[in-house]
Number of protein chains: 2
Amino acid sequence: MSTSRVDRPLGRGRGIPEATVARLPLYHRSLMGFADRGVATVSSEELAAAAGVNSAKLRKDLSHLGSYGTRGVGYDVDYLVYQVARELGLTQDWPVVIVGVGNLGHALANYGGFTSRGFRIAALVDSDPARTGELVNGLAVQSLGRLEEIIDEADVSIAVVATPASAAQEVCDRLVAAGVTSILNFAPVPLQVPSGVDVRKVDLASELQILAFHELRKQMSSLAALPQLAAHPARPGHPAHPALAPRSEATG
Amino acid sequence: MSTSRVDRPLGRGRGIPEATVARLPLYHRSLMGFADRGVATVSSEELAAAAGVNSAKLRKDLSHLGSYGTRGVGYDVDYLVYQVARELGLTQDWPVVIVGVGNLGHALANYGGFTSRGFRIAALVDSDPARTGELVNGLAVQSLGRLEEIIDEADVSIAVVATPASAAQEVCDRLVAAGVTSILNFAPVPLQVPSGVDVRKVDLASELQILAFHELRKQMSSLAALPQLAAHPARPGHPAHPALAPRSEATG
DNA sequence: TCGACTTTGTGCGTCCGTTCACAAGGGCTT
DNA sequence: AAGCCCTTGTGAACGGACGCACAAAGTCGA
Ligand SMILES: NC(=O)c1ccc[n+]([C@@H]2O[C@H](COP(=O)([O-])OP(=O)(O)OC[C@H]3O[C@@H](n4cnc5c(N)ncnc54)[C@H](O)[C@@H]3O)[C@@H](O)[C@H]2O)c1
Ligand SMILES: NC(=O)c1ccc[n+]([C@@H]2O[C@H](COP(=O)([O-])OP(=O)(O)OC[C@H]3O[C@@H](n4cnc5c(N)ncnc54)[C@H](O)[C@@H]3O)[C@@H](O)[C@H]2O)c1
């Protein structure tokens, strides 16, 4: 969704659509579920149901990786797991640095799901001296000053930004300068990066707001015919509505 | 991205494209930034830069809400903030229930960004009796048994699922049965819901895997010409590659 | 009052993603 | 060995999103 447009480096042979890439992790997880249950073969219909997608879409997605199915039978689970994992780069362990070990950073550092999916938390970094040395999930929080050193030593190319919004761009710049080329950003600011660096953002407040939008429509269609409560506020002046005053804690 | 297809209730007058809806929170946040800095008017160019999008896209997005700009001048910040907020339903406070107060649930409950953006955490619910009564951000964790009661009393229509994957569907079913019609799901499972209920999922492991996919391509184009390390594994048999064995902690 | 300048709002071409529907292909039974 | 049946892989139609480029529309200075 928000991966910065790269200049499509490979000449069309390996051109897997971005939408497909975004679903591969889903397929991988569903396939692992079948594998764990001892299932040897799945049809596109079954796998699609488990992943919650259309079966035609699943087949087209998989066809971009190669022709790994058997007509009349389905897909060999182990074989397909391997192919998807290889495509995703999960056959290696990616060292990841988490910058900002507050509420969210702690949750991420304590999460076991990353480790089991090809990622290893290489370091935790925080600018707060009071946090330096704190053990989180067996890993000591390190000072922000060591950031470049850490990235270099552990050969880190993927970083997670979980700092306040006000610090995110600065942290991002340092990460990129130190050699990081993929960033997962939790701060509600659009990060500026040079081309060649991918950024994906996770914006939890936005997700709720999108839900609220649809929720509002549902409510409106329920309470269908009611008198208009208030006229629209005057055009150029200030909104007549008293709500929505609170300062955003960090807008960017 | 993953809002379940609703039957488009309103007859085309209010038809705002989903892609536009997903960006409105972004615009709202950027606008709040301008407002906080005392800026009275912004051009589409400035606002687009702040939001990190194309200015033509921004203008087209805003045009779906109405004709709120002034040609030759730009947009009145306060007025536009109000219009966007109204469209998103942020002029009211949405009570939200968080189910599952573990690592992630704690982080969410402690986060101030929700409260300042139109959401109020109405209750925290967890199935673990040891957690019941625990104070998180001034709110006591309640037992799972009270779920329906809570939803009914506080008139909750938006819920956050932060339970383990294995419990997510069951929790989801209870939420829906109790009247919740919007769910933000952090568990890595595709939730099944009846039509009329919206689900958005946040899948952090997937985000990292998508980054890893692109990262792999970058590495491959760097280390361009190297001997093939290993041949492809045998077709129907088990993958020759020894990696990727770990059980997924919670898959389906 | 008029004209030059600025910026919005949008028509349109293009691209990407989704879905239907079916032919091609492989296994299994007889 | 032959045909039946099942499932894959994909051609093609469709729809939505994006971004260019420009006309419409309003402001501001002279
Ligand atoms: N907690 C949530 O549930 C949640 C939800 C949505 C978005 N977010 C966003 O995620 C980010 C982190 O949220 P949080 O709740 O963990 O905040 P937090 O304040 O609890 O933690 C932020 C941490 O970053 C550290 N930090 C500050 N500046 C830094 C710098 N320059 N370099 C390194 N570390 C630095 C702070 O010392 C602190 O430990 C914020 O941008 C927030 O808006 C959080
Ligand atoms: N922590 C992270 O950073 C992270 C990252 C990605 C995904 N996730 C996903 O988010 C979810 C929560 O993660 P977590 O790290 O907070 O896990 P956790 O184990 O720390 O917390 C889960 C909580 O849910 C409670 N719970 C279990 N069953 C329940 C039920 N039926 N009803 C109500 N509560 C129940 C448990 O008591 C526990 O407190 C998981 O599905 C996980 O895969 C978490």
Side-chain angles (χ1 to χ4, degrees), chain A residues 1-8 12 14-24 26-27 31 34 39-77 79-80 83-84 210 235-236, chain B residues 1-8 12 14-24 26-27 31 34 39-77 79-80 83-84 210 235-236:
Chain A
M1 184 198 296
S2 69
T3 298
S4 75
R5 194 60 46 201
V6 189
D7 35 299
R8 204 170 276 290
R12 197 79 307 245
R14 269 293 130 116
I16 300 183
E18 190 57 32
T20 296
V21 172
R23 281 185 294 266
L24 288 182
L26 195 62
Y27 302 152
L31 281 167
F34 283 107
V39 177
T41 304
V42 280
S43 68
S44 64
E45 206 69 52
E46 294 167 319
L47 183 51
V53 303
N54 182 298
S55 71
K57 179 152 59 179
L58 170 72
R59 286 199 299 276
K60 184 151 286 185
D61 282 343
L62 292 183
S63 75
H64 287 116
L65 312 190
S67 212
Y68 297 142
T70 307
R71 294 171 192 237
V73 176
Y75 300 88
D76 181 88
V77 172
Y79 185 64
L80 193 55
Q83 291 298 342
V84 174
I210 295 166
R235 258 310 284 286
Chain B
M1 183 197 294
S2 69
T3 298
S4 76
R5 193 61 44 202
V6 188
D7 36 301
R8 203 171 276 291
R12 194 78 314 237
R14 269 292 130 120
I16 299 181
E18 191 57 32
T20 295
V21 172
R23 282 186 295 267
L24 288 182
L26 195 63
Y27 302 152
L31 281 167
F34 283 108
V39 177
T41 304
V42 281
S43 68
S44 65
E45 205 70 52
E46 294 166 320
L47 183 52
V53 301
N54 184 297
S55 71
K57 179 153 58 179
L58 170 72
R59 287 198 297 278
K60 187 157 287 185
D61 282 342
L62 293 183
S63 77
H64 287 115
L65 311 192
S67 212
Y68 296 143
T70 307
R71 294 171 192 235
V73 177
Y75 300 88
D76 181 88
V77 171
Y79 185 64
L80 193 54
Q83 291 298 342
V84 174
I210 294 167
R235 257 311 284 284

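Letters go in sequence order (proteins before strands), and every chain restarts at 1.
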Atom pair [atom1] ([X]) and [atom2] ([Y]), whose distance is rounded to the nearest 0.5 Å:
X       : Y       : atom1 : atom2 : answer
B:Tyr27 : B:Leu58 : OH    : CG    : 5.0 Å
B:Lys57 : B:Thr20 : NZ    : OG1   : 9.0 Å
A:Leu80 : A:Leu31 : CG    : CG    : 5.0 Å
B:Tyr75 : B:Glu46 : OH    : CD    : 12.0 Å
B:Lys60 : B:Asn54 : NZ    : CG    : 10.5 Å
A:Arg23 : A:Leu62 : CZ    : CG    : 10.0 Å

Does the side-chain contact (heavy atoms from CB on, under 4.5 Å) test come out yes or no for A:Ile16 and A:Asp61, once each step is laid out? CA-CA 8 Å; A:Ile16 300 183; A:Asp61 282 343; over 6 Å; no

Can you find a side chain N or O atom of [X] that sits less than 4.0 Å from OP1 or OP2 on [N]?
X       : N      : value
B:Tyr68 : C:dT7  : no
A:Ser67 : D:dG9  : yes
A:Ser44 : D:dT7  : no
B:Tyr75 : D:dG26 : no

Verify side-chain contact (heavy atoms from CB on, under 4.5 Å) between B:Thr41 and B:Val77, making sure each step is shown before the conclusion. CA-CA 5 Å; B:Thr41 304; B:Val77 171; 5.5 Å; no

What is the distance from [atom1] of [X] to [atom2] of [N], rounded to the nearest Å?
X       : N      : atom1 : atom2 : answer
B:Leu58 : C:dT7  : CG    : P     : 14 Å
B:Asp76 : D:dT27 : CG    : P     : 13 Å
B:Glu46 : C:dT7  : CD    : C1'   : 11 Å
A:Leu62 : D:dT8  : CG    : C1'   : 10 Å
B:Arg59 : C:dT6  : CZ    : P     : 15 Å
B:Gln83 : C:dG9  : CD    : C1'   : 16 Å

Might you list the N or O atoms of the protein lying below 3.5 Å from N or O atoms in nucleotides 17-19 of chain D, with each pair's distance?
from	atom 1	to	atom 2	distance (Å)
D:dC18	OP1	B:Arg23	NH1	2.9
D:dC18	OP2	B:Arg23	NH1	3.4
D:dC18	OP2	B:Arg23	NH2	3.0
D:dG19	OP2	B:Lys57	NZ	3.4
D:dG19	O6	B:Lys60	NZ	2.3

Where do A:Val42 and A:Asp76 land on the side-chain contact (heavy atoms from CB on, under 4.5 Å) test, with the steps shown first? CA-CA 7 Å; A:Val42 280; A:Asp76 181 88; over 6 Å; no

Report yes if some heavy atom in the side chain of A:Leu47 is under 4.5 Å from a heavy atom in the side chain of A:Val53; otherwise report no. no

What does nucleotides 24-30 of chain C look like as a protein-contact string, B for base, S for sugar-phosphate only, - for none, at under 4.0 angstrom between heavy atoms? BBSS---

Taking only nitrogen or oxygen atoms into account, show me every contact under 3.5 Å that the protein makes with nucleotides 1-3 of chain C, one pair per line with its distance.
none

Checking side-chain contact (heavy atoms from CB on, under 4.5 Å) for the pair B:Arg59/B:Ser55: CA distance, chi angles, key distance, verdict? CA-CA 6 Å; B:Arg59 287 198 297 278; B:Ser55 71; 3.5 Å; yes

